[in-house]
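Throughout, a chain's letter reflects where its sequence line sits, starting with A, and its residues are numbered from 1.
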Amino acid sequence: MIDLRLLRDDPDLVRASQRARGDDESAVDRLLAADTERRAAVHRADDLRAAQKAASQSVKKATPEERPAVLERAKALAAEVKVAEEEARVADEALRAAHMSIANVVAPEVPPGGEDDSVTLRTVGEVPTYDFPVRDHLEIGTALGAIDMERGAKVSGSRFYFLTGPGALLEFALAQLAITRAVAAGFTPVVAPALVRPEAMAATGFLTEHDEEVYRVERDDLYLVGTSEVPIAAMHGDEVLDLSAGPKRYAGWSACFRREAGSYGKDTKGIIRVHWFDKVELFSFCAPEDAAAEHLRLLQFEEEFLQALELPYRVVDIAAGDLGTSASRKYDLEAWFPTQGTYRELTSTSDCTTFQARRLGIRSRDADGKPQTVATLNGTACAIARTIACLLEFHQRADGSVHVPVALRPWLGGHAVLTPGMSLAPSA
RNA sequence: GGAGGCUUCGCCUAGUCCGGUCUAUGGCGCCGCACUGCUAAUGCGGUUUGGGUUUUGGCCCAUCCCGGGUUCAAAUCCCGGAGCCUCCGCCA
């Protein structure tokens with residue numbers, strides 16, 4: 001939800017944001033009107049309630065003779081209050097609906113336009129030429145005994161997989177590397193629940209924006225999260241955080257579940273797009289004025305992580321029309337997939353400013369000790385399945401073996417290369 | 001799964017049986033002032049949050065876990081829900 005004060009003070013800023021996103025500008029005027037109407041309705045109800053309260057107090061003080069008349073007036077007022085309250089409730093609901101229909105105000109630096117208007121800020125690392133026919137990650141992973149897609153389908157259906165042998169070790173190695181680096185960078189490690197109540201899902205916006213993407217456990221009225229952003233954001237819901245020592249930073253590990261409705265035919269092969277994967281997610285709560293700097297910090301972490309994996313990548317400044325509802329700015333980090341001959345999103349980071357925290361009721365104290373809504377930011381440290389896919393493809397060699405980035409070796413028995421049929425026991 | 005207890009303005013707590021003076025008690029903490037060589041102690045005052053309004057002094061409304069209901073009037077009575085704790089059962 002956007003800041004209504006900002007809307008009242010500078011509606012043109014919000015209109016410009018809507019324009020940049022390709023969203024409906026008139027929604028701004030509908031919200032302004034709903035805001036005015038709600039305030040009028042609340043004012044009427046409050047005044048009536050004050051009168052009714054006074055009347056109610058006078059019932060007790062009334063003499064027996066006056067009592068019937070006083071009671072009569074109080075009753076009449078009570079009925080009026082009931083009507084006015086209902087009107088206020090309706091106005092409030094209308095405001096809420098209008099409020100929800102407007103996405104976060106985009107940062108002024110964001111490129112306007114749609115998907116094709118996103119801007120590559122920089123490209124880091126060399127894209128090598130492979131002097132042999134490159135194989136995709138599924139071929140390599142299957143040959144290594146790292147990925148078993150067929151049995152994944154047998155047990156759970158399409159877009160499910162088993163990670164076995166070196167694949168399973170890679171999962172833990174990536175998780176360890178991500179968490180270790182995050183802790184070193186000041187993030188508090190968190191193991192978060194992957195099953196949450198409807199409130200947590202709704203408060204983070206996933207029931208409205210990504211409703212089709214979400215798995216429900218109807219029997220228990222719980223939802224499987226698509227990212228640990230959900231439990232971590234909701235973790236501090238309705239709290240006043242102490243940010244006097246700086247942002248609160250978390251690195252959350254959890255399983256992630258996505259129905260991938262509407263992505264039939266997209267990335268059907270391998271583990272690039274799957275119904276379940278594990279992920280280490282970065283999440284920061286900070287003062288609104290620190291959000292832009294914090295965003296760059298998350299971006300830097302993500303870049304350094306890809307560098308540690310020895311992967312070339314590019315940083316894309318996502319255009320307004322392609323931003324999520326809560327994001328005011330978003331960077332995608334895309335790494336090179338040789339079989340696709342292109343960069344594909346491996347991680348991303350979004351600055352949600354106060355948009356998400358307003359709905360979640362997460363505040364901190366400003367310099368004057370007044371509560372203010374915090375800013376929230378999220379970023380991928382490592383989406384494990386897709387990262388494994390990229391590593392296998394990018395670091396493949398002509399003989400079907402795969403180079404292991406130095407940073408991962410401590411968790412892979414010290415091995416520098418993964419070879420089909422190799423022993424996974426630590427090398428001497 | 002069964003039985004019971006509990007949830008009050010940062011923390012602790014009184015109030016709930018028996019509806020109105022609860023405009024919520026007291027303590028701790030915190031802020032200000034006074035006193036005081038300094039500190040401590042003491043005294044006095046202030047200290048939930050959100051909304052509305054404002055001549056920026058204030059004023060009004062809501063807020064006692066959440067949502068309904070009864071009533072002129074609900075922290076208090078009734079119904080539904082959530083969370084925490086204890087015990088029993090089951091369980092990796």
Side-chain angles (χ1 to χ4, degrees), chain A residues 1-9 31-100 191-204 207 217-223 230-231 234-245 248 255 285 288 354-374:
Chain A
M1 292 190 284
I2 64 165
D3 185 355
L4 285 181
R5 273 177 235 282
L6 174 78
L7 174 82
R8 288 173 204 156
D9 294 347
L31 180 55
L32 279 168
D35 181 45
T36 306
E37 174 48 37
R38 186 202 73 107
R39 283 189 295 174
V42 165
H43 197 216
R44 284 193 296 272
D46 278 2
D47 283 353
L48 268 172
R49 204 179 295 110
Q52 198 268 337
K53 255 176 90 170
S56 178
Q57 290 298 323
S58 64
V59 168
K60 193 154 191 280
K61 298 181 191 113
T63 61
E65 306 83 74
E66 323 177 299
R67 204 181 149 81
V70 173
L71 202 59
E72 199 55 43
R73 197 170 65 241
K75 275 186 185 176
L77 273 168
E80 281 185 61
V81 167
K82 208 160 192 171
V83 172
E85 275 181 344
E86 177 58 16
E87 285 168 1
R89 194 193 60 77
V90 168
D92 203 68
E93 206 163 89
L95 172 68
R96 193 176 162 76
H99 204 172
M100 294 292 212
V191 178
L195 212 47
V196 301
R197 302 165 153 282
E199 296 82 44
M201 215 60 174
T204 41
L207 289 190
V217 182
E218 287 192 15
R219 179 172 171 155
D220 297 289
D221 199 18
L222 290 170
Y223 294 80
V230 173
M235 179 165 73
H236 287 304
D238 294 315
E239 292 184 23
V240 178
L241 304 179
D242 180 5
L243 297 179
S244 56
K248 255 187 191 308
F285 300 91
T354 58
F355 189 86
Q356 190 175 51
R358 187 163 291 107
R359 179 153 55 179
L360 286 159
I362 307 176
R363 294 167 299 166
S364 66
R365 304 250 172 217
D366 65 15
D368 299 325
K370 287 273 171 232
Q372 65 172 357
T373 301
V374 303

Colleague: Would you measure the distance from the C1' atom in B:C61 across to the matching atom in B:A3 and give it in whole Å?
Modeller: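 Between the two C1' atoms, the distance is 43 Å.
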Colleague: Both A:Gln372 and A:Ala78 contact RNA chain B. Which one's nearest nucleotide lies toward the 5' end?
Modeller: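 Closer to the 5' end of RNA chain B: A:Gln372.
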Colleague: Can you tell me how far P in B:C66 sits from the matching atom in B:C72, rounded to whole Å?
Modeller: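 So the two P atoms sit 25 Å from each other.
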Colleague: Which nucleotide, in any strand shown, forms a Watson-Crick or G-U wobble pair with B:A62, with both distances under 3.5 Å?
Modeller: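 B:A62 is paired, partner B:U49.
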Colleague: If you only use heavy atoms from C-beta on, which nucleotide in B:U49, B:C72, B:G51 is closest to the side chain of A:Leu71?
Modeller: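 Shortest atom-to-atom distance from the side chain points to B:C72.
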Colleague: What I want to check is whether an N or O donor and acceptor connect the side chain of A:Asp47 with the base of B:G52 at under 3.5 Å.
Modeller: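 Answer no: no donor N or O sits under 3.5 Å from an acceptor.
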Colleague: Can you tell me, in whole Å, how much space there is between the P of B:A74 and that of B:G67?
Modeller: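 After rounding to an integer number of Å, I get 15 Å for this pair.
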Colleague: Looking at A:Gln52, is its backbone amide N or carbonyl O close enough to the side chain of A:Ser56 to form a donor-acceptor pair, meaning the two atoms are under 3.5 Å apart?
Modeller: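 Judged by distance alone, no pair lies under 3.5 Å.
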Colleague: Once you apply the 3.5 Å cut-off to both distances, tell me the Watson-Crick or G-U wobble partner of B:U76, or none.
Modeller: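 The base-pairing partner of B:U76, which may sit in any strand shown, does not exist here.
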Colleague: Using modelled atom types only, decide if a donor and an acceptor are shared between the side chain of A:Asp220 and the backbone of A:Leu222 within a distance under 3.5 Å.
Modeller: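 No, the answer is negative, given that no donor and acceptor are paired below the 3.5 Å cut-off.
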Colleague: Apply side-chain contact (heavy atoms from CB on, under 4.5 Å) to residues A:Leu31 and A:Leu95 and explain how you reach the verdict.
Modeller: CA-CA 7 Å; A:Leu31 180 55; A:Leu95 172 68; 3.7 Å; yes
Colleague: Which base sits across from B:G1 as a Watson-Crick or G-U pair, both distances under 3.5 Å?
Modeller: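 B:G1 is paired, partner B:C88.
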Colleague: Using nucleotides 53-58 of chain B, report all nitrogen or oxygen pairs with the protein that are shorter than 3.5 Å.
Modeller:
none

Colleague: Work out how far the P atom of B:C33 is from that of B:U39, and round it to whole angstrom.
Modeller: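 Their P atoms lie roughly 13 Å apart.
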Colleague: Pick the P atom in B:U7 and in B:U71, then give their distance to the nearest Å.
Modeller: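 Nearest-Å result for B:U7 against B:U71 at atom P: 28 Å.
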Colleague: Please determine, for B:G83, whether a Watson-Crick or G-U wobble partner exists with both distances under 3.5 Å, and give it or none.
Modeller: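 Base-paired to B:C6.
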Colleague: Between B:C84 and B:C31, how far is it from one P atom to the other, in whole Å?
Modeller: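 34 Å, rounded to whole Å.
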Colleague: Which comes earlier along RNA chain B counting from the 5' end, the contact point of A:Ala55 or that of A:Asp46, where each point is its nearest nucleotide?
Modeller: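 Nearest-nucleotide comparison on RNA chain B picks A:Asp46.
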Colleague: Quick one: which of B:U49, B:A62, B:G52 gets closest to the side chain of A:Pro371?
Modeller: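 The nucleotide sitting nearest to the side chain is B:U49.
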Colleague: Is any side-chain nitrogen or oxygen of A:Arg363 closer than 4.0 Å to OP1 or OP2 of B:U49?
Modeller: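 Negative; the distance criterion is not met.
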Colleague: Taking atom P in both B:A62 and B:A24, compute the distance separating them and give it to the nearest angstrom.
Modeller: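 Per the computed distance, 13 Å lies between those P atoms.
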Colleague: Quick check: do A:Arg365 and A:Asp242 have side-chain heavy atoms less than 4.5 Å from each other?
Modeller: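 Not in contact.
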Colleague: Looking only at atom C1', what distance separates B:A75 and B:U56, rounded to whole Å?
Modeller: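 Nearest-Å result for B:A75 against B:U56 at atom C1': 34 Å.
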Colleague: Please pick, from B:A73, B:A82, B:C61, the nucleotide with the shortest atom-to-atom distance to any side-chain atom of A:Arg197.
Modeller: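 Selected nucleotide: B:A82.
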Colleague: For B:U56, which nucleotide is its Watson-Crick or G-U wobble mate, given both distances must be under 3.5 Å?
Modeller: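 B:U56 is paired with nothing.
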Colleague: Write down the partner of B:C44 under the Watson-Crick or G-U wobble criteria, each distance required to be under 3.5 Å.
Modeller: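 B:G32 - that is the nucleotide pairing with B:C44, both distances being under 3.5 Å.
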